[in-house]
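Below is one structure, written out as C-alpha cells; the observations come after it.
To find a chain, count down the sequence lines: A is the first, B the second, and so on, and within it residues start at 1. The figures that follow rest on heavy atoms only: side chains count, while hydrogens, waters and symmetry mates do not.
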2 protein chains.
Amino acid sequence: MADSPESQSFCCPDHSGHAPAQAILAQAESRVKSHGLRLTPVRRRTLEILLQAHGALGAYDVLEQLAADGFGAQPPVAYRALNFLVENGLAHRIRRLNAFTACAHPGHDHRAAFLICETCESVTEAPSDAVGAALGVAAQDMGFALSRATIEAVGQCRDCIARETADQRTIA
Amino acid sequence: MADSPESQSFCCPDHSGHAPAQAILAQAESRVKSHGLRLTPVRRRTLEILLQAHGALGAYDVLEQLAADGFGAQPPVAYRALNFLVENGLAHRIRRLNAFTACAHPGHDHRAAFLICETCESVTEAPSDAVGAALGVAAQDMGFALSRATIEAVGQCRDCIARETADQRTIA
DNA sequence: TATCTTATGTTATATCATAACAGTCAAGGC
DNA sequence: GCCTTGACTGTTATGATATAACATAAGATA
Ligand SMILES: [Zn+2]
Ligand SMILES: [Zn+2]
Ligand SMILES: [Zn+2]
Ligand SMILES: [Zn+2]
C-alpha cells in the first residue's frame with residue numbers, strides 16, 4: 001500500500017474527491033440497510049478494496065485480494081460483490097477498462113461521467129448533470145426513453161499535464 | 001435477412017439514419033485511400049457485414065460470416081478488420097455490448113453517442129455535439145484534457161415504446 | 001425448532017481479445 | 001523485369017473477462 005500515514009487509505013490524485021473511507025463505509029452500511037439489504041463481509045471488504053485502490057480495479061484484481069483475506073477464490077465471488085455494489089450506487093463499472101471503482105460521492109443519485117487518464121491510468125468521477133441533461137435531450141429528439149448511460153472520457157489528467165509541462169522545461 | 005426488396009440491405013429502425021450501403025462503401029473507399037490506406041477485400045466485406053446487420057455485431061459474429069465467405073476463420077482476422085474500420089471512422093465500438101456497428105454518417109468527424117434499446121437490442125447513433133460540448137466543459141473544469149469519449153445510453157427506442165403501448169391497448 | 005430466503009463457495013464453461021510468427025501480396029527502385 | 005520492402009492476411013496458441021449451475025451455509029421468520 002505504501003500510504004502516507006495522514007491519509008488513511010487515499011494515496012493518489014484520483015481520490016482527492018473522496019470522503020474518508022470510514023465515513024463512506026458507514027454511509028454505505030446504512031444506505032444498504034435502508035433498502036432491506038445487507039453489507040456482508042465480502043461486500044464490505046470489496047468496497048474497502050476499491051476505496052484503497054489507485055484507479056480502477058479489474059474483477060480478478062479484487063478477487064486476488066479477497067482470496068488473500070480468506071474469502072472464496074473463484075470469479076463469481078468477486079463479480080457478485082462488485083455487481084451488488086454497482087447496483088446499490090456504491091461503485092461504478094468502467095466499461096472501457098473492464099474495471100470497477102468506488103463511487104466518489106455515494107448517497108445521492110447521480111449520473112456519473114468518468115475521466116480516464118491515458119498517462120497515469122487514474123479514473124476521476126466528474127459531476128455530469130449537464131452532460132446527462134444534454135444526452136437526455138438528444139435521446140428525446142430521437143424518441144428514445146433513456147434509463148441510464150455510460151459516459152467515459154479518455155485524455156490526460158491535470159497532474160499528468162503539469163508533470164509533462166515540467167519535464168519539457170527541464171529538457172529545454 | 002427477410003428484407004423488404006426496396007431497401008437493399010437495411011431492414012430495421014436503427015438503420016433509418018443510414019445512407020444506402022453502396023454510397024457508404026464508395027465513400028469509405030475514397031476516404032481510406034485519401035489517407036494512403038487500402039480498403040482490402042476483408043475490410044470491405046467486414047464493413048458490408050456491419051452495414052447489413054441488425055443492431056451491433058460481436059467480433060465473433062463478424063468472424064463467422066467472414067469465414068463463410070472464404071476469409072480466415074481465426075479471431076485476429078475479424079479484430080484487425082474491425083479495428084481498422086474503427087480507427088478510420090467507418091465503424092464504432094459499442095463497449096457496453098462488446099460489439100461493433102457501422103458508422104451511420106461517416107466522412108465528417110463526429111463525437112458519437114449511442115442509444116441502445118434494451119427491448120430490441122437496436123443501436124442508434126445519435127448526433128451528440130451538445131453532449132460532447134457539455135462533457136468538454138466538465139472535463140475542463142477538472143483540468144482534464146479530453147481526447148475522446150464513449151457515450152452510450154441504455155433505454156427503450158421509439159419503435160419499442162410504440163409497440164408496447166399498442167400491446168397495452170390490445171390487452172385492455 | 002422448522003422453514004424459508006438470501007448469500008457464499010465451487011466446478012465448469014462461455015465469451016471476448018491479443019501475442020507471436022509465417023506466408024503472401026502489392027508498390028517502388030534498380 | 002526483378003528484387004527489396006513494407007503492409008496485409010492467416011494460423012497457432014494463449015490470455016483475460018464473465019457467467020451458468022449447483023451444493024452448502026448463514027440469517028430471518030414464525
Ligand atoms: Zn458515483
Ligand atoms: Zn494522469
Ligand atoms: Zn459515426
Ligand atoms: Zn427497441
Side-chain angles (χ1 to χ4, degrees), chain A residues 28-29 32-47 49-50 53 55-88 90-101 121 150 152, chain B residues 28-29 32-47 49-50 53 55-88 90-101 121 150 152:
Chain A
E29 187 108 37
V32 158
K33 250 182 201 153
S34 77
H35 286 65
L37 301 166
R38 288 183 295 148
L39 191 65
T40 60
V42 217
R43 291 167 177 174
R44 185 186 174 89
R45 181 71 191 118
T46 300
L47 179 53
I49 290 168
L50 291 181
L57 290 182
Y60 282 73
D61 297 327
V62 171
L63 178 58
E64 196 177 335
Q65 297 197 46
L66 287 175
D69 289 347
F71 294 102
Q74 310 312 319
V77 171
Y79 280 102
R80 280 195 290 238
L82 289 166
N83 287 332
F84 174 88
L85 295 176
V86 169
E87 280 160 18
N88 289 281
L90 300 170
H92 297 284
R93 185 171 201 152
I94 312 296
R95 309 220 74 120
R96 180 175 284 267
L97 302 177
N98 292 325
F100 299 82
T101 188
E121 309 205 272
T150 299
E152 296 171 3
Chain B
E29 188 108 38
V32 160
K33 250 181 201 153
S34 76
H35 285 65
L37 302 167
R38 288 184 296 150
L39 191 65
T40 60
V42 217
R43 291 168 175 174
R44 187 187 173 90
R45 181 70 191 117
T46 299
L47 179 52
I49 290 168
L50 291 181
L57 290 182
Y60 281 72
D61 298 326
V62 171
L63 179 58
E64 196 177 335
Q65 298 196 45
L66 286 175
D69 289 346
F71 294 102
Q74 310 312 318
V77 171
Y79 280 102
R80 280 196 289 237
L82 289 166
N83 287 332
F84 174 89
L85 295 175
V86 169
E87 280 160 18
N88 290 281
L90 300 170
H92 296 284
R93 186 170 200 153
I94 312 296
R95 308 218 77 119
R96 179 175 284 267
L97 302 176
N98 292 326
F100 299 83
T101 187
E121 309 205 272
T150 300
E152 297 172 0

message = Is the phosphate of dA17(C) approached by R93(B) (side-chain N or O, under 4.0 Å from OP1 or OP2)?
response = yes
note = Partner of T46(B) under side-chain contact (heavy atoms from CB on, under 4.5 Å), picked from V77(B), L85(B), L63(B), L90(B), is L85(B)
key: Euclidean distance, atom CZ of residue R43(B) to atom P of dA26(C) [Å, nearest integer]   = 14 Å
query = Between dG10(D), dT11(C), dG9(C), which one does the side chain of P76(A) approach most closely?
reply = dT11(C)
key: Atom-pair distance (CG on D69(A); P on dG9(C)), nearest Å   = 12 Å
ask   = Can you tell which of dT10(C), dC16(C), dT11(D) lies closest to the side chain of R80(A)?
value = dT10(C)
request  = Could you tell me whether the side chain of Y60(B) has a donor or acceptor atom within less than 3.5 Å of a complementary atom in the base of dA14(C)?
outcome  = no
ask   = With a distance cut-off below 6.0 Å to the six-membered ring centre and an angular limit of 45° from the axis, does R93(A) pair with F100(A) as a cation-pi contact?
value = no
query = Just how far, in rounded Å, is P of dT6(C) from NE2 of H35(A)?
reply = 16 Å
task = Write down the distance between CG (L63(A)) and C1' (dG15(D)), rounded to a whole number of angstrom.
result = 16 Å
ask   = Regarding T150(B) and R96(A), is there a side-chain donor-to-acceptor distance under 3.5 Å anywhere?
value = yes
ask   = Is any side-chain nitrogen or oxygen of T40(A) closer than 4.0 Å to OP1 or OP2 of dT6(C)?
value = no
task = Name the residue closer to the 5' end of DNA chain C, choosing between R38(B) and G58(B) according to the nucleotide with the nearest heavy atom.
result = G58(B)
query = Nearest nucleotide by nearest heavy atom, which residue falls closer to the 5' end of DNA chain C, F100(B) or P41(A)?
reply = P41(A)
ask   = F71(B) CZ to dT11(D) C1': how many Å, rounded?
value = 17 Å
inquiry  = What is the distance, to the nearest angstrom, from the CZ atom on R95(B) to the P atom on dA18(D)?
reply    = 12 Å
request  = Look at the side chain of L37(A) and decide which nucleotide, out of dT18(C), dT9(D), dA7(C), has an atom nearest to it.
outcome  = dA7(C)
query = Side chain of D69(A), backbone of L66(A): donor and acceptor closer than 3.5 Å?
reply = no
request  = In whole angstrom, give the distance that lies between atom CZ of R45(A) and atom C1' of dG9(C).
outcome  = 19 Å
message = Before you tell me yes or no, could you show the steps for K33(A) and R38(A) under side-chain contact (heavy atoms from CB on, under 4.5 Å), namely the whole-Å CA-CA distance, both residues' side-chain angles and the distance that decides it to 0.1 Å?
response = CA-CA 6 Å; K33(A) 250 182 201 153; R38(A) 288 183 295 148; over 6 Å; no
query = Are OP1 or OP2 of dT15(C) and a side-chain N or O of N98(B) less than 4.0 angstrom apart?
reply = no
query = Between atom CZ in R96(A) and atom P in dA17(C), what is the gap in whole Å?
reply = 13 Å
message = Taking the minimum atom-to-atom distance to the side chain of Y79(B), which one of dA7(C), dG10(D), dT18(C) wins?
response = dT18(C)
